[in-house]
Amino acid sequence: ALSRRYVLCEVVSEDPRCRQCIEDRAVGVAVRDAIGRVHGDYGLACCSISFTVKYLNAYTGTVLLRCRKDSHKLLCSALPFVKHLESRNQRYPCALNTLHVGGTIRTCQKFLIQYNRRQLLMLLQNCTNEEERRCVHKSLLSCGLAEEQSQSGDEEEDDDGTE
């Protein structure tokens, strides 16, 4: 089986309009462009094999990228050079913050749950009133991995035990 890596990132932007252009195509183009600028045609060719935007949530700005294991370092080193997303001839400044690199989609999901939990706990500490506290607490309780969320069957077989 072909060994793969899944890179979990979040799109960080000051511009609230950036949310609307977080889509597979825009993210894919921005990442490929950054790889080309940083690593040239060779790096781009290495990374393009099996590279795909596997999951995307525009609401939370969460992006899961898939690439071959042997090119994940090339990919990760280019991500800080993503400076904007482009959609309908508009450029929205943003950055891609790498959260986790895993061997399966599942390990990335588990990491994301823990990460979201930590973010919510920080929010909880900053709550100013009881209503805010109740809302954040409710969100915290809903942090979990439902079995039906499991992705397509292409994830587990490429986990070779290294993270």
Side-chain angles (χ1 to χ4, degrees), residues 3-32 34-35 38 47 50-69 71-85 92-129 131-163:
S3 204
R4 299 204 172 107
R5 283 292 166 264
Y6 295 89
V7 182
L8 184 67
C9 310
E10 65 179 347
V11 178
V12 183
S13 180
E14 299 290 311
D15 190 340
R17 296 171 306 161
C18 186
R19 287 259 180 260
Q20 68 202 31
C21 73
I22 300 175
E23 51 198 28
D24 293 32
R25 207 193 128 280
V27 172
V29 167
V31 171
R32 282 190 183 91
I35 295 167
V38 176
C47 289
S50 173
F51 170 78
T52 185
V53 178
K54 197 72 182 154
Y55 168 81
L56 191 142
N57 183 330
Y59 181 69
T60 60
T62 306
V63 176
L64 187 65
L65 306 173
R66 185 192 73 195
C67 65
R68 281 185 21 188
K69 183 183 176 186
S71 61
H72 87 276
K73 287 187 173 124
L74 283 172
L75 171 70
C76 290
S77 64
L79 293 178
F81 296 91
V82 172
K83 298 295 179 213
H84 62 264
L85 289 179
Y92 301 98
C94 70
L96 280 183
N97 179 21
T98 304
L99 300 176
H100 183 74
V101 178
T104 63
I105 292 174
R106 189 92 175 155
T107 57
C108 291
Q109 282 179 323
K110 286 177 181 169
F111 173 85
L112 191 57
I113 289 164
Q114 293 306 319
Y115 177 77
N116 287 339
R117 205 172 265 151
R118 284 195 301 273
Q119 299 296 93
L120 285 167
L121 282 168
M122 288 187 330
L123 271 177
L124 193 59
Q125 288 167 351
N126 296 328
C127 285
T128 52
N129 62 46
E131 183 54 32
E132 279 181 5
R133 221 179 265 290
R134 233 190 328 277
C135 287
V136 174
H137 192 73
K138 191 176 169 200
S139 297
L140 257 169
L141 294 174
S142 70
C143 278
L145 189 59
E147 282 309 309
E148 63 272 12
Q149 275 183 327
S150 187
Q151 303 288 331
S152 59
D154 74 336
E155 55 170 315
E156 291 304 326
E157 80 273 1
D158 58 33
D159 187 5
D160 56 6
T162 56
E163 287 290 311

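Computed from heavy atoms alone, side chains included, the values below leave out hydrogens, waters and symmetry copies.
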In chain order, what residues pass the side chain to side chain donor-acceptor pair (under 3.5 Å) check against R32, with sequence neighbours excluded?
none
Using side-chain heavy atoms (C-beta onward) and a distance below 4.5 Å, is [X] in contact with [Y]?
{"X": "V101", "Y": "L8", "value": "no"}
{"X": "L65", "Y": "F51", "value": "yes"}
{"X": "Y55", "Y": "V63", "value": "no"}
{"X": "C9", "Y": "V7", "value": "yes"}
{"X": "L96", "Y": "V31", "value": "yes"}
{"X": "C94", "Y": "V12", "value": "no"}
{"X": "Y6", "Y": "H100", "value": "no"}
{"X": "R66", "Y": "S50", "value": "yes"}

Run the side-chain contact (heavy atoms from CB on, under 4.5 Å) test against Q125 and tell me which residues pass, sequence neighbours left out.
none
For the atom pair [atom1] ([X]) and [atom2] ([Y]), what is the distance rounded to the nearest 0.5 Å?
{"X": "Q109", "Y": "R106", "atom1": "CD", "atom2": "CZ", "answer": "6.0 Å"}
{"X": "L56", "Y": "T62", "atom1": "CG", "atom2": "OG1", "answer": "8.5 Å"}
{"X": "T98", "Y": "L79", "atom1": "OG1", "atom2": "CG", "answer": "4.5 Å"}
{"X": "C47", "Y": "L74", "atom1": "SG", "atom2": "CG", "answer": "4.5 Å"}
{"X": "L123", "Y": "N126", "atom1": "CG", "atom2": "CG", "answer": "7.0 Å"}
{"X": "N57", "Y": "R19", "atom1": "CG", "atom2": "CZ", "answer": "8.5 Å"}

In sequence, state the C-alpha distance, the side-chain angles, and the governing distance for V53 and L64, and then conclude on side chain to side chain contact (heavy atoms under 4.5 Å, CB included).
CA-CA 6 Å; V53 178; L64 187 65; over 6 Å; no
How far apart are the C-alpha atoms of K69 and R4, what are their side-chain angles, what is the distance that settles it, and do they pass the side chain to side chain contact (heavy atoms under 4.5 Å, CB included) test?
CA-CA 4 Å; K69 183 183 176 186; R4 299 204 172 107; 6.0 Å; no
Look at atom CZ of R25 and say whether more than 12 heavy atoms of other residues, nucleotides or ligands are closer to it than 6.0 Å.
no
F81 CZ: over 12 foreign heavy atoms closer than 6.0 Å
no
For R118, give me all partners under salt bridge (Lys or Arg N to Asp or Glu O under 4.0 Å), at least two apart in sequence or on another chain.
none
Regarding R68 and S3, do their side chains bring together a donor and an acceptor under 3.5 Å, going by distance alone?
no
Trace of the side chain to side chain contact (heavy atoms under 4.5 Å, CB included) decision for T104 with T107:
CA-CA 5 Å; T104 63; T107 57; 3.3 Å; yes
Please report the closest heavy-atom contact between E131 and R134, naming both atoms and the distance.
OE1-NH2, 3.0 Å
If every non-hydrogen atom of S13 is compared with every non-hydrogen atom of C18, which pair is closest and at what distance?
OG-CB, 3.4 Å
